[in-house]
**Q** 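The structure's right below; bear with me while I get my questions together.
Positions are given from 1 along the sequence.
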Amino acid sequence: MFRFEENKCYRMPAHFGGFDCPGPDAALYYRDAVSVTFAYTTDENQLESYVPEGFELLRPELNISYNQFREIDWMAGGAYNLVQVSVPARFNGKRDQLEGQFILVVWENKTWPILGGREETGIPKIYADIEDLHTIQPNYYTNASYEGSTFLRLEMLGAEPVDRQRLAEMQASAATINALGWRYIPKVGGSGADLSQPILYPQGAEIHSAWAGSCTVKWTQLSWEQNPGQWHIIKALAELPMIEVAPAIMTKGVVILKPSSGRVLE
């Protein structure tokens with residue numbers, strides 16, 4: 001008969017056995033990371049309605065980050081793409097007060113990173129088909145879709161290298177990133193949650209090079225028939241007005257995730 005061991009870590013299906021838990025300093029390395037970040041200001045009241053109580057919206061700014069990850073250690077050198085949507089926020093708790101990016105949603109194009117990110121670290125990950133970057137220098141393009149229906153088009157046009165001072169500033173700010181999220185595990189067979197808690201997922205990046213260019217973001221709302229599980233998420237984001245669009249920023253380097261240092265915020 002299978003029995004759980006207190007000193008082991010498990011993932012579903014857990015009854016096939018556990019593994020030694022990683023140490024407190026363990027990190028996950030993404031050794032070939034290309035990231036393109038798009039940002040724009042939007043309506044503060046609309047945006048605040050998607051930020052849970054306990055968090056404070058710092059600026060009415062929506063950040064969309066496209067990431068193309070390769071040479072991932074924990075995936076045996078594998079790869080995947082993601083699109084992350086977040087807002088600058090501060091957590092104001094009894095014990096913890098810290099600023100970071102509150103993650104509204106993350107789309108990823110492989111199952112394995114979705115499972116670990118949702119259950120173990122509380123990041124709201126869901127599936128989408130996310131293309132590799134299409135490059136016609138100095139322009140870069142990508143799309144996110146679901147079963148053939150495109151809901152997001154991202155374009156970076158006229159990319160040029162940033163100057164040394166700007167690169168140094170970006171390297172310093174990316175060294176430590178507080179990814180903030182909300183882990184929600186629903187009850188089985190009824191309403192409510194078995195777990196509903198704010199979390200911190202520390203991470204960072206080593207930026208080797210960076211470019212800036214003009215930014216184009218195009219949301220396309222889908223019907224329930226086209227995307228029954230996500231249409232309401234896409235609708236909410238698509239209805240946020242684009243008031244002022246910042247330049248797009250592309251970086252190349254190494255991303256370092258620190259799930260062992262993640263914790264529930266109080």
**Q** Is any side-chain heavy atom of W211 less than 4.5 Å from a side-chain heavy atom of I249?
**A**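 No; the side chains remain at least 4.5 Å from each other.
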**Q** CD/Q101 to CG/L58 distance, rounded to the nearest 0.5 angstrom?
**A** 9.0 Å
**Q** Parallel, tilted or perpendicular, judged at 30° and 60°: which one describes the rings of F102 and F55?
**A**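 Tilted.
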**Q** Look only at the side chain of Q97 and the backbone of G93, and say whether a donor-acceptor pair between them is shorter than 3.5 Å.
**A**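 Yes.
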**Q** Search all heavy atoms of G229 against all heavy atoms of H232 and return the closest pair with its distance.
**A** O-CE1, 3.3 Å
**Q** On a heavy-atom basis, which atom in Y127 and which in K110 lie closest, and how many Å separate them?
**A** CE1-N, 4.1 Å
**Q** Scan residues 231-252 for pairs that pass salt bridge (charged side-chain N to carboxylate O under 4.0 Å, His left out), counting only residues two or more places apart or in two chains.
**A**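 Pairs touching residues 231-252 that pass the test: K235-E239.
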**Q** Tell me whether E266 is salt-bridged to K94, with the criterion being a basic N under 4.0 Å from an acidic carboxylate O.
**A** no
**Q** Answer with yes or no whether the side chains of N92 and E56 bring together a donor and an acceptor at under 3.5 Å.
**A**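 The criterion, which ignores hydrogens and geometry beyond distance, is satisfied for N92 and E56.
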**Q** Find out whether L265 and I199 are in side-chain contact, i.e. whether some heavy atom of one side chain is under 4.5 Å from a heavy atom of the other.
**A**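 Sidechains of I199 and L265: no contact.
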**Q** Any side-chain heavy-atom pair from V85 and L237 closer than 4.5 angstrom?
**A**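 SC-SC contact between V85 and L237 confirmed.
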**Q** State plainly whether one hydrophobic cluster holds both I103 and F69, where clusters connect Ile, Leu, Val, Met, Phe, Trp and Tyr through side-chain heavy atoms under 4.5 angstrom apart.
**A** yes
**Q** Would you give the length of the straight line joining atom CZ of R118 to atom CD1 of I114, rounded to the nearest 0.5 angstrom?
**A**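 Nearest 0.5 Å value for the CZ-CD1 distance: 8.0 Å.
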**Q** Can you tell if the side chain of E108 reaches within under 4.5 Å of the side chain of I126, non-hydrogen atoms only?
**A** no
**Q** Could you tell me which residues satisfy salt bridge (charged side-chain N to carboxylate O under 4.0 Å, His left out) with D129, sequence neighbours excluded, listed by chain and number?
**A** none
**Q** Rounded to the nearest 0.5 Å, how far does CG of D43 lie from CE of M242?
**A** 14.0 Å
**Q** Please report, to 0.1 Å, the donor-acceptor pairs under 3.5 Å made by any side chain of residues 174-186, with sequence neighbours excluded.
**A**
unit_1, atom_1, unit_2, atom_2, d
N178, ND2, E99, O, 2.9
W182, NE1, S196, OG, 2.9
R183, NE, Q197, OE1, 2.9
R183, NH1, E119, O, 2.9
R183, NH2, Q197, OE1, 2.5
Y184, OH, G192, O, 3.3

**Q** Between R153 and E155, is there a salt bridge with N-O shorter than 4.0 Å?
**A** yes
**Q** For the CZ atom on R95, are there more than 12 heavy atoms of other groups (residues, nucleotides or ligands in this structure) within a distance under 6.0 Å?
**A**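 Result for CZ/R95: enclosed.
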**Q** Got a sec, which pairs hit salt bridge (charged side-chain N to carboxylate O under 4.0 Å, His left out) with one end in residues 193-217, sequence neighbours left out?
**A** none
**Q** Please examine the side chains of Y40 and V217, heavy atoms only from C-beta on, and report whether any two atoms are closer than 4.5 Å.
**A**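 Yes, side chains in contact.
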**Q** Is the closest basic N to carboxylate O distance between D132 and R70 below 4.0 Å?
**A** yes
**Q** Counting only heavy atoms not in Y29 (residues, nucleotides, ligands), do more than 12 fall under 6.0 Å from its OH?
**A**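 No - once you tally the heavy atoms of other residues, nucleotides and ligands closer than 6.0 Å, there are 12 at most.
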**Q** Taking atom types as modelled, is there a side-chain donor on Q68 or Y66 under 3.5 Å from an acceptor on the other?
**A**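 There is such a pair (donor and acceptor under 3.5 Å, judged by atom type) between the side chains of Q68 and Y66.
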**Q** Are side-chain heavy atoms of Q84 and N63 found at a separation under 4.5 Å?
**A** no
**Q** Answer yes or no: is there a side-chain heavy-atom contact under 4.5 Å between Y10 and F16?
**A** no
**Q** Is it true that, when you exclude K8 itself, more than 12 heavy atoms of the residues, nucleotides or ligands shown sit nearer than 6.0 Å to its NZ?
**A**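 Yes - once you tally the heavy atoms of other residues, nucleotides and ligands closer than 6.0 Å, there are more than 12.
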**Q** Applying side-chain contact (heavy atoms from CB on, under 4.5 Å), name anything that partners T150, two or more places apart in sequence or on another chain.
**A**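 For T150, the residues satisfying side-chain contact (heavy atoms from CB on, under 4.5 Å) (neighbours in sequence not counted) are N143, S145.
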**Q** What residues, two or more places apart in sequence or in another chain, satisfy side-chain contact (heavy atoms from CB on, under 4.5 Å) together with L222?
**A**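 For L222, the residues satisfying side-chain contact (heavy atoms from CB on, under 4.5 Å) (neighbours in sequence not counted) are S149, F151, Q226, N227, I234.
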**Q** Does V245 belong to the same Ile/Leu/Val/Met/Phe/Trp/Tyr cluster as V162, with side-chain heavy atoms less than 4.5 Å apart forming each link?
**A**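 Shared cluster, no.
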**Q** Closest heavy-atom contact between F38 and M156?
**A**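 The answer is CE2-N, 4.2 Å.
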**Q** From I123 CD1 over to L257 CG, what is the distance, rounded to the nearest 0.5 angstrom?
**A**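 Going from CD1 on I123 over to CG on L257, the span is 9.5 Å.
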**Q** If you look at every heavy atom in P24 and S261, which pair is closest and at what distance?
**A** O-OG, 3.5 Å
**Q** Side chains of E225 and W231: donor-acceptor distance under 3.5 Å anywhere?
**A**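 Distance-only check fails for E225 and W231.
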**Q** Measure the acute angle between the ring planes of W107 and W219, then classify it against the limits of 30° and 60° as parallel, tilted or perpendicular.
**A**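 W107 vs W219 ring planes: tilted.
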**Q** According to a hydrophobic-cluster definition based on side-chain heavy atoms being under 4.5 Å apart (Ile, Leu, Val, Met, Phe, Trp, Tyr only), do L28 and V255 belong together?
**A**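 The answer is yes; both residues are in one hydrophobic cluster.
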**Q** Quick one: which residue pairs count as a disulfide bond (SG atoms under 2.5 Å apart) with a foot in residues 3-53, not counting sequence neighbours?
**A**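 Disulfide bond (SG atoms under 2.5 Å apart) check on residues 3-53 returns C9-C21.
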**Q** Would a hydrophobic clustering, with Ile, Leu, Val, Met, Phe, Trp and Tyr connected at side-chain separations under 4.5 Å, put V83 with V105?
**A** yes
**Q** For D25 and K258: C-alpha separation, side-chain torsions, deciding distance, then whether salt bridge (charged side-chain N to carboxylate O under 4.0 Å, His left out) applies.
**A** CA-CA 8 Å; D25 298 323; K258 303 173 182 178; over 6 Å; no
**Q** Out of curiosity, does L82 fall in the hydrophobic cluster containing L154 (side-chain heavy atoms, cut-off under 4.5 Å, transitive links)?
**A**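 Different hydrophobic clusters.
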**Q** Run the side-chain contact (heavy atoms from CB on, under 4.5 Å) test against P247 and tell me which residues pass, sequence neighbours left out.
**A**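 Once residues adjacent in sequence are excluded, P247 has no partner under the side-chain contact (heavy atoms from CB on, under 4.5 Å) criterion.
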**Q** Answer yes or no: is there a donor N or O on one side and an acceptor on the other, between the side chain of T41 and the main chain of P60, under 3.5 Å?
**A**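 No; zero donor-acceptor contacts below 3.5 Å.
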**Q** For N139 and Q137, test the side chains for any donor-to-acceptor distance below 3.5 angstrom and give the result as yes or no.
**A** no
**Q** Using salt bridge (charged side-chain N to carboxylate O under 4.0 Å, His left out) as the criterion, list what pairs up with E71, not counting sequence neighbours.
**A** none
**Q** Quick one: list whatever passes side-chain hydrogen bond (donor to acceptor under 3.5 Å, both in side chains) with E44, sequence neighbours left out.
**A** none
**Q** Do N81 and N67 have side-chain atoms, one donor and one acceptor, less than 3.5 Å apart?
**A**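 The answer is no; no qualifying pair exists.
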**Q** Check whether S214 reaches the backbone of L157 with its side chain - one donor and one acceptor, N or O, closer than 3.5 Å.
**A** yes
**Q** How long is the straight-line distance from OG of S86 back to CG of L62, given to the nearest 0.5 Å?
**A**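 Atom-to-atom, L62:CG and S86:OG are 7.5 Å apart.
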**Q** Quick one: are I207 and S209 in side-chain contact, heavy atoms under 4.5 Å?
**A**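 Answer no - side chains too far apart.
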**Q** Which atoms form the tightest heavy-atom contact between T42 and P241, and what is the distance?
**A**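 T42 and P241 have their closest heavy atoms at OG1-O, 2.6 Å.
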**Q** Find the distance between CZ (R3) and CD (E6) and round it off to the nearest 0.5 Å.
**A**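 CD of E6 is found 13.5 Å from CZ of R3.
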**Q** Any idea which heavy atoms bring H15 and F2 closest together, and the distance?
**A**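 Reported closest heavy-atom pair: O-CD1, 3.5 Å.
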**Q** Under the side-chain hydrogen bond (donor to acceptor under 3.5 Å, both in side chains) test, which residues partner R31, sequence neighbours left out?
**A** D73
**Q** Do any N or O atoms from the side chain of S260 and from the backbone of G23 form a donor-acceptor pair under 3.5 angstrom?
**A**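 Indeed, once roles are kept as given, a pair shorter than 3.5 Å links the two residues.
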**Q** Among all residues two or more places apart in sequence or in another chain, which pass the side-chain contact (heavy atoms from CB on, under 4.5 Å) test with Q165?
**A**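 Applying side-chain contact (heavy atoms from CB on, under 4.5 Å) to Q165 gives D163, E169.
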